[in-house]
Amino acid sequence: MKTAGRGNWSIAVHGGAGSMERATTDPAQDRTARAGLSAALEAAIAILQTGGHALDAVEAAVRVLEDDTQFNAGRGSVFTAEGRIECDAAIMEGNNRMAGAVAGVRSTRNPIVLARAVMEQSPHVFLAGSGADGFARAFGIEAASPDWFETPERRRQLEELLADPEAPFDLGMKYGTVGAVARDTSGHVAAATSTGGLTGKKWGRVGDSPIIGAGTYADDRAGAISCTGAGEYFIRLSVAHEIAARTRLGVEDMQAATNALIDELSILGGKGGVIFAPAIGTAGWAFNTPGMYRGRADSSGLRQVAIYADE
Ligand code: GLY
């Protein structure tokens with residue numbers, strides 16, 4: 001196993017990729033999005049700089065983003081076509097490659113907490129629907145009523161979509177998902193991803209976020225990956241696992257592997273972005289949308305929060 005990452009830590013977070021451009025973004029929205037990303041980074045930094053685990057850091061960062069109504073995960077998730085909120089989440093650690101995931105969760109406040117409980121307290125990896133919420137109640141994980149998740153802006157977005165039944169699901173090109181990847185001072189990596197999915201989703205649609213190897217993956221021999229974007233493309237390309245595999249097998253470093261997968265995504269017509277925390281080196285990202293809500297920090301003092309492609 002590579003150990004050159006030991007002794008230093010690195011973290012990256014994202015809050016979704018999409019059509020955000022400097023010229024058209026409301027300055028207040030720019031400010032509050034950056035503040036939300038900074039808060040998520042700070043929650044993770046507090047853990048990592050005191051020698052805490054990457055798994056705790058990514059869970060803490062994603063919890064902050066799930067509770068922030070600006071981002072499409074947990075509270076503030078988008079609505080399904082039926083006017084419900086159904087959340088997906090996954091978490092994975094790179095030491096033993098343990099993973100937990102949930103899909104279609106409707107009454108659990110923090111889906112990422114539930115995903116971690118599936119990983120640590122069940123013999124399973126992936127639970128869905130009412131069974132997943134039932135597992136949460138059985139294991140004492142905090143519940144929330146449907147109206148706790150709802151916001152007027154997400155309701156407006158659904159109404160806009162339903163008013164135009166021909167509109168594609170990617171109307172507005174805002175692929176909201178949140179995620180975090182980290183490497184801790186012991187050299188272990190972890191990834192966490194959480195989302196409400198797509199506005200107007202139907203038929204129990206599940207995206208890439210909770211699918212291990214598609215939207216979320218971690219392997220200490222390579223690094224940790226969390227994706228955001230049009231989930232169907234990320235599933236078809238097994239984006240997160242392929243980035244890890246190419247890195248582990250020495251095909252490319254993790255930045256080059258991520259760039260290559262974003263290029264493949266573009267060729268197929270997919271849109272989105274990826275954040276990664278490599279086993280060696282600092283965290284980074286790539287995306288093919290005009291913007292991606294993102295941030296990173298490391299033990300050398302790096303602190304960066306960004307939205308647009310030119311920063
Ligand atoms: N990337 C999130 C989704 O497609 O649901």
Side-chain angles (χ1 to χ4, degrees), residues 12-20 58 62 65-66 70-74 76-82 84-92 101-106 111-112 114-115 126 128-129 132 149 154 157-158 161 167-181 191-217 224-243 258 261-262 264-266 268-276 285-294:
V13 299
H14 70 76
S19 56
M20 305 80 84
V58 296
V62 168
L65 294 167
E66 284 180 339
Q70 299 178 85
F71 302 106
N72 175 20
S77 285
V78 299
F79 284 90
T80 67
E82 296 82 15
R84 292 197 293 262
I85 286 177
E86 297 178 354
C87 298
D88 306 332
I91 195 162
M92 184 167 186
V102 292
V105 167
R106 293 174 55 191
I112 201 64
L114 175 53
F126 201 169
F149 294 96
R154 297 303 189 196
Q157 289 171 356
L158 176 65
L161 186 82
F169 280 154
D170 65 351
L171 184 79
M173 263 183 59
K174 284 194 180 122
Y175 300 110
T177 294
V178 307
V181 291
T193 313
S194 183
T195 188
L198 300 180
T199 301
K201 65 185 181 181
K202 294 187 200 176
W203 305 306
R205 181 265 183 193
V206 177
D208 60 311
S209 305
I211 297 178
I212 300 303
T216 306
Y217 202 72
I225 298 103
S226 173
C227 304
T228 171
E232 284 69 11
Y233 293 89
F234 286 81
I235 295 169
R236 287 162 55 196
L237 292 175
S238 299
V239 167
H241 182 267
E242 179 155 344
I243 292 170
T258 300
L261 265 293
I262 291 291
E264 270 200 63
L265 198 75
S266 302
L268 297 186
K271 299 275 186 202
V274 173
I275 56 170
F276 61 86
W285 45 63
F287 52 97
N288 66 0
T289 45
M292 179 164 79
Y293 294 120
R294 61 200 190 277

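For ligands, and for the atoms within them, numbers begin at 1 and follow the listed sequence. Computed from heavy atoms alone, side chains included, the values below leave out hydrogens, waters and symmetry copies. Numbers here simply count residues along the sequence, with the first being 1.
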Any heavy atom of K201 under 4.0 Å from ligand 1? The part involved is neither

task = Please indicate whether any nitrogen or oxygen in G176 is less than 3.5 Å from any nitrogen or oxygen in ligand 1.
result = no

Are any of the N/O atoms in T195 less than 3.5 Å from those in ligand 1?
no

Hits for salt bridge (Lys or Arg N to Asp or Glu O under 4.0 Å) against R205, two or more places apart or cross-chain, chain-then-number order -> E232

query: Between Q157 and F79, does a side-chain contact (heavy atoms from CB on, under 4.5 Å) hold up when you go through it step by step?
result: CA-CA 8 Å; Q157 289 171 356; F79 284 90; over 6 Å; no

In ligand 1, the atoms that come under 4.0 Å of a heavy atom of G231 are 4 (O)

Using distance alone, with no hydrogens and no angle criterion, decide if T193 and T216 have a side-chain donor and acceptor under 3.5 Å apart.
-> yes

In ligand 1, the atoms that come under 4.0 Å of a heavy atom of G197 are 5 (O)

From the list T177, T228, D88, side-chain hydrogen bond (donor to acceptor under 3.5 Å, both in side chains) partner of T195 resolves to T177

Notebook entry, point to check: What about G229: any of its N or O atoms under 3.5 Å from an N or O on ligand 1?
Noted result: yes

R84 meets the salt bridge (Lys or Arg N to Asp or Glu O under 4.0 Å) criterion, sequence neighbours left out, with E86

task: State if S209 counts as touching ligand 1 under the rule of any non-hydrogen atom under 4.0 Å.
output: yes

| said: Any heavy atom of E232 closer to ligand 1 than 4.0 angstrom? | reply: no

So CZ of R236 and CD of E264: to nearest 0.5 Å the spacing works out to 11.0 Å

Kindly indicate whether the side chain of L237, heavy atoms from C-beta on, has any atom under 4.5 Å from the side chain of E242.
no

Is there a polar contact, in the sense of an N or O pair closer than 3.5 Å, between T228 and ligand 1? no

Within 4.0 Å of some non-hydrogen atom of T177, the atoms of ligand 1 are 1 (N), 2 (C)

